Amino acid sequence: MSGRWVVGRGSWVVVALTLAGCEHHPDPALAYAGVIPRLVSAASGTGRFTLTGSTVVVASPGSEAAADVARYLAATFGAATGFALPPGPDSAASTIVLALGGAPALGNEGYDLTVTERGVRIEAPAAAGLFYGVQTLRQLLPPAIERPERQRARWTIATGVIRDYPRYAWRGAMLDVSRHFFGVADVKRFIDLLAAYKLNVLQLHLSDDQGWRIEIASWPRLTELGGLTAVGGGPGGFYTQAQYREIVEYARRRYITVIPEIDLPGHTNAALVAYPELNCNGKVPAPYTGIETGISSLCTRRPVVMQFVADVIRELAAITPGPFIHIGGDEADVTLPRDYVAFIDSVQRIVRAQGKTMIGWEEIASAPIDPGTVVQHWRSADLAVTGASKGAHILMSPSPHVYLDMKYDSATVLGQNWAGYIDVDTAYAWDPVTRIPALGADQVLGIVAPLWTETVSTMKEAEYLLFPRLAAIAEVAWSPADAREWNEFSERLGRHGARMSAMGIGFYRSPRIPWRDAPSHTQPASAGP
Ligand code: IFG
């Protein structure tokens, strides 16, 4: 039977819904109320639209971006359906229309999505909105749409109307490829997972004590030597600049901005191993494969160090189309405070000279940072407030809520616990504005959830720590604050398990969630450091 779900601000209203049929053919109308992140508004109807081999995709003429979203849609839905979903005319009997235009109030990531008996129409002022409409469309289809193999199924969507747009413009995750290296294919998988939940920033933590992961032509030993190590002594690795460009382009097609992080002046042992002239004692330190922090520093007063920093940032800026360069700045425990402050001031001049905006972990707030600098909060509210008082924008990465390398609970093998245990409710039940009361809402840019990889060496392990918490955090970043409520989310996430399984995600089956799907995996065996 059919029903209507009306989703509005603050409450769910079920209008004459009769739970029909058995579990594996849930009422398509239910899907509108199941989308993660939660939609701003949605109402499902009693009609049905079924995708078929004759469905065509109609993209706004003259827009390469819209055409590229159409190609992405065809590729994303093609594997499971076997349908070509080719470009076609608006007059076709079965269409998915991707139309640029619509209500300007939707902003550059919002969209309207309408499903009728004849087809789907996604309308958005900008192509990013079309892309996010496609992410929602995926979740209106049965979970099987996510499976890589072709299946004979009825790809039916309930008719309905959706209006959706994000709360924050900065919604992302960070992957630490320094402690353990993750190759291009893994990073592309990480990007696909971000895109599915409408996240739009990938911060790549490219250098640390244990490894340097990006080729710098003017300082080749950074990767020739600094790229050889990793936590635990395993093989390291690095990206050539061509591979980095490949990652950036893959992310761009999914409306994700790559933000490279070169951590300075601390977290630099791998650089010192490669170039001891950067070390105050001029000696080559032993490669570091442990997991302590605050153990290293560039010799910030040496001219050669500033030349090094200028060369690295110049080369990184040249391969980074995005407006931001992250210079780390955290845990510089063995850098003299006055040297640290002078160094950060010098680095920001170098970043500015490259036409980029500097991002740093909250410790940079102790330096004379430019207004407009991005300060990434991770553990000190005071430093975040200091940064904001200097005109910085605050990026929220509060470690007790979004550090995805934290264990779920004491039974979790992977991960650490210095910021506490983080189950799904802890990742969900917080708000970026009220988290630091002294911050004004307009001073908060958005959210980034870091996955540090001291204890994580494969994507399987990464995905176990990422999900379901990253889906929860994506909702904190996208959905209206007054529409978020833990009990409703936990029910919705319980129904979402089948979709994560279909996506091949070996997620943590939190006991706090009423999972509706059969368990399909167990906790990955520990790799440990
Ligand atoms: N803090 C360090 C990270 C990482 C993390 C692991 C920041 C900004 C602990 N710095 O978080 O390098 O080691 O949980």
Side-chain angles (χ1 to χ4, degrees), residues 172-182 201 203-213 229-232 259-271 288-298 324-335 340 344 358-367 373-384 386-387 392 394-408 412-422 426-427 447-457 461-462 464-466 469-470 473 527-529:
M174 183 211 83
L175 180 59
D176 167 10
V177 295
S178 301
R179 276 47 182 270
H180 283 96
F181 181 65
F182 288 80
V201 167
Q203 180 177 330
L204 278 179
H205 186 78
L206 290 166
S207 69
D208 213 299
D209 291 319
Q210 299 87 347
W212 186 285
R213 305 299 183 210
T229 44
V231 166
I259 295 179
E261 180 190 345
I262 296 293
D263 205 343
L264 307 166
H267 289 273
T268 45
N269 193 70
Y288 183 66
T289 60
I291 64 171
E292 296 307 311
T293 59
I295 61 165
S296 58
S297 177
L298 295 175
F324 299 99
I325 299 278
H326 197 309
I327 58 88
D330 63 307
E331 298 180 317
D333 300 348
V334 292
T335 310
Y340 174 85
I344 295 298
M358 182 172 80
I359 308 179
W361 297 101
E362 63 201 9
E363 288 92 330
I364 66 167
S366 63
T373 299
V374 176
V375 166
Q376 186 166 10
H377 164 62
W378 62 289
R379 64 177 174 182
S380 162
D382 291 345
L383 281 170
T386 300
I394 309 305
L395 189 51
M396 295 299 284
S397 299
S399 42
H401 291 284
V402 304
Y403 264 38
L404 298 178
D405 63 318
M406 291 302 117
K407 294 173 182 287
Y408 288 100
T412 310
V413 175
L414 294 168
Q416 303 194 62
N417 63 6
W418 65 267
Y421 294 122
I422 300 180
T426 304
I447 299 170
V448 163
L451 178 66
W452 300 105
T453 59
E454 282 90 341
T455 66
V456 183
S457 46
E461 293 175 354
Y464 183 79
L465 289 174
L466 287 167
R469 293 178 295 191
L470 189 58
I473 293 162

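Whatever order the structure lists them in is the order used to number ligands and atoms, beginning at 1. Given the structure is predicted, the values throughout are model-derived calculations rather than measurements.
- Around atom 1 (N) of ligand 1, the closest heavy atom drawn from Met406, Gln210, Gln376, Glu331 belongs to Glu331.
- Near Asp405, meaning under 4.0 Å from one of its heavy atoms, ligand 1 places the atoms 6 (C), 14 (O).
- Remark: the Glu362 side chain and the Ser380 side chain contain no N/O donor-acceptor pair separated by less than 3.5 Å.
- Of all protein heavy atoms, the one closest to atom 9 (C) of ligand 1 is Trp418 CZ2, 3.8 Å.
- Formation of a donor-acceptor pair under 3.5 Å by the Lys407 side chain with backbone atoms of Thr412 is found in this model.
- Between Thr293 and ligand 1, no N or O atom pair is found at a separation short of 3.5 Å.
- The protein heavy atom nearest to atom 12 (O) of ligand 1 is Arg179 NH2, 2.9 Å.
- Looking only at distances, a side-chain donor or acceptor of Ser397 sits under 3.5 Å from a matching main-chain atom of Val448.
- Atom CD1 of residue Ile364 and atom CG of residue Leu264 lie 11.5 Å apart, to the nearest 0.5 angstrom.
- Cation-pi geometry between Arg469 and Tyr408 is satisfied (NZ or CZ under 6.0 Å from the ring centre, within 45° of the ring normal).
- Atoms of ligand 1 found under 4.0 Å from any heavy atom of Asp330, numbered from 1 in the order shown, are 2 (C), 7 (C), 8 (C), 10 (N).
- In terms of N/O distances under 3.5 Å, ligand 1 is approached by Glu454.
- Numbered from 1 in the order shown, with element, the atoms of ligand 1 that lie under 4.0 Å from a heavy atom of Gln416 read 6 (C), 14 (O).
- For His267, every heavy-atom contact with ligand 1 shorter than 4.0 Å involves the side chain, none the backbone.
- Interatomic distance, Leu204 CG to Glu261 CD, rounded to the nearest 0.5 Å: 9.5 Å.
- Minimum heavy-atom separation, Gly294 to Asp333: CA-OD2, 3.5 Å.
- Scanning the protein heavy atoms around atom 7 (C) of ligand 1, the nearest turns out to be Tyr403 OH, 3.5 Å.
- Between Trp361 and ligand 1, not a single N/O pair is under 3.5 Å apart.
- In His205, neither the side chain nor the backbone holds a heavy atom less than 4.0 Å from any atom of ligand 1.
- A distance of 13.0 Å separates NE2 in His267 from CD1 in Ile262, rounded to the nearest 0.5 Å.
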